[in-house]
Amino acid sequence: MTEAIIDIGYDCQISKDSLIVKNPDHDWFRIFLRRYYVHTKDYQYLFGSTQPGRRPDRAYYMVPEGYRLGEGQRAFDRERGKKLYDVVLRYLKEEKVPVIVQDGIQGEHGYEIGLRITISVKNPHSAYIGWFGKLMVFPPKEDQNIDCWNFIIQEPLPLVYVNEIREFWPNFDPNEPITLYDFTEMDQNKRRVISLRVDYFGGAYKKPNLTMVWNKAESDGFISYHAGMTSDRVLKGLSGTGKTTLTVGPELEQDDACIGKIIRDSETNKIDKVQLIGLEAGSFAKSQNLGPLCPEWPGLMKSLEVDENGEHPVVLAMNIDSENVSYKLKKINGYTVKVPEVDEGKEPGSLLCTRYHSSGTTNGRFIFSFSELNPDWGKSKTHRYLKTVVLSMKRFDYMHPMFRVVDPVVAVALDSAVESIITSAVAAQKPGTRVRSYSATDFMAREQCHQALLKWEMYRDMGLGPDGKLAFIVINTGAIGEHDINGNKIQLTDENGEFIPKIDRNTGKILRNELGEIVYQGQGKKIRVPHSKQLLDLAEHRKIEKWLPHPIFGKRILIPEPKELEDKWNMKRFGRMFNRLRYYSEKEYLAFVVRDIKERSNFLKKLFKGQTCEKELDEVINVWRNMDIPEPEKLEEFYRKYFWDY
């Protein structure tokens, strides 16, 4: 008798007996995963994972002959990669591995890309990835074409398949996670990705799907944005820099992923406007330091509401500390998994977003639908057009809380080297490390120069000055004066010379990190969310009248006059709070500037070196080297005039 086979596309066939369910609903996930989650006091479903964050260092790409990857993108031998795919997909079929198959759409009306995700649930815990994913992508449509395929196999491969792989890849480590993209048939509009041993939703589902869709969009002439989005603004930033926090609110459209459709003037062929299109249906928000006053809090607590059928909205959470709950490594169904468990004799309590000892990470996450915070989300049929571009950086030294860039060359240079510090959202890198990334993304799969040139053209054509169609804003969500030149925190001491612990505003207890260590107060001034939100509102709605040339970079970069912020917009003591010379001498300040100019220039040179459009970007690459650094006296004069007490 011939075995019944199901063809799920792109060279993948599985036994009919393997398919547990296609497009499962919430009730199916609730029952199937009941051994792996805690239902909290506030009705969130809380999961754990063995990996605390993504592993971009373990992402590789197979691309067509002659196709050029960009800086930092790791190519994978095509012949070896094709063989790896063959072995892994044969494993699914031959071993009759139980799977769930999900179809979905990445992208709103105007750019809808069909997805098919196949998840092995031989380790049943892996199904949590599918439940999270159900809230992140749009539901499938009848007869939707599938353009992108994602295969997720979290469990270890059997030894027979490992040995077969080692015949053509001797160094294959079956315990190391790997994500391998196959873009070799991108010209036929086919892209696929396979993830082995990845036990983190963001690394197995969210970012691989987005990488495929962004790559397709870039091929179609769009601008890709790793960014939050409102009706007319994109806010870009690396993980943990405030994309969600600064975007969440009644105008929320997206908090992580969107694209820009270029629209040109029919006569001049210049870029006239950019239509914004969101890619996701929900937010995979970070819970670190979250409290009732935070803009994301309503999304986390939406689970408390009850609909007309007596049901609570589904809010999924992972790796967040919780009252009366401990995370444990347990063997369930033959596999070691990390799961939350209610302490013996206790009842599950509420999530504790300012504690990290039990979960072991500050990268707690939760998912909620955008419609939970924006009642009108997804209902408007009108197009949205870009008016403001924002870069969110998390710095702890001399960088101003907010400034406006009016020179397109400087805008491209900053966008091409977005700066921040590593958070635990990216695993395998030490939290606190200063990094730079092209356009705040580590999941491009092409030379960065093409997107850089397209943005430069957009900034030139649409204009960034006072009379331009666009405003380019940089916002610092870190602090002023907290770190020294080496990135070390300058900690405050009491009268006895002892470091002063930080106090958790929500609980009144001493704040501790994910290792249980006390977090101490640093010198300087934290740039708090209300400051950032107000500055952003003033800048994007063009309310600020008086802008000052930057004391270092001149008229290419403008900063708001502190006196106007204080007198007109009630930002009390702004000038004093954010005066750098309260924390650094003029020479220390300029040392930061010299370091940044060197690092930015070196990064841009390395980023674009050898790329197709390197010569066309020469002005961008060298823009910082050509800046004149003022004398210390000029710096002191500027801050005494504009940032001293009035």
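In this chain, residues are counted from 1 in sequence order. For clarity, every value in this text was computed on a predicted model and none was experimentally measured.
- With W131 as reference, F29 is the one residue of Y205, W28, F29 to meet the ring pair (Phe, Tyr, Trp, His ring centres under 6.0 Å) rule.
- For the atom pair CD1 (I113) and CH2 (W214), the distance works out to 13.5 Å, reported to the nearest 0.5 Å.
- Distance check, rounded to the nearest 0.5 Å: NE2 of H125 to OG1 of T336 gives 11.5 Å.
- The cationic group of K273 lies under 6.0 Å from the six-membered ring centre of Y385 and within 45° of the ring axis, placing it in a cation-pi geometry.
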From CA spacing to verdict: ring-ring contact (aromatic ring centres under 6.0 Å, His included), F368, F366: CA-CA 7 Å; F368 62 91; F366 62 99; 5.6 Å; yes
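- From E517, atom CD reaches atom CZ of R512 across 9.5 Å, with rounding to the nearest 0.5 Å.
- Under a 4.0 Å N-O distance rule, the pair K134/D25 does not qualify as a salt bridge.
- Taken from CE in M444 to OG1 in T211, the straight-line distance is 10.5 Å, to the nearest 0.5 Å.
- D256 and K243 are joined by a salt bridge, as a carboxylate oxygen and a charged side-chain nitrogen come within less than 4.0 angstrom of each other.
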Verdict with reasoning, D321 to H357, per side-chain hydrogen bond (donor to acceptor under 3.5 Å, both in side chains): CA-CA 7 Å; D321 279 30; H357 185 54; over 6 Å; no
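- Considering CZ of F370 and CG of D255, their distance stands at 4.0 Å, rounded to 0.5 Å.
- The pair D220-K261 fails the salt-bridge criterion, with no side-chain N (NZ, NE, NH1 or NH2) lying under 4.0 Å from an Asp/Glu carboxylate O.
- Using a 4.0 Å cut-off between charged side-chain N and carboxylate O, E155 and K122 make no salt bridge.
- Under 3.5 Å, the side chains of E296 and T244 contain no donor-acceptor pair of N or O atoms.
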Derivation and outcome, ring-ring contact (aromatic ring centres under 6.0 Å, His included), residues Y128 and Y37: CA-CA 9 Å; Y128 88 89; Y37 63 76; over 10 Å; no
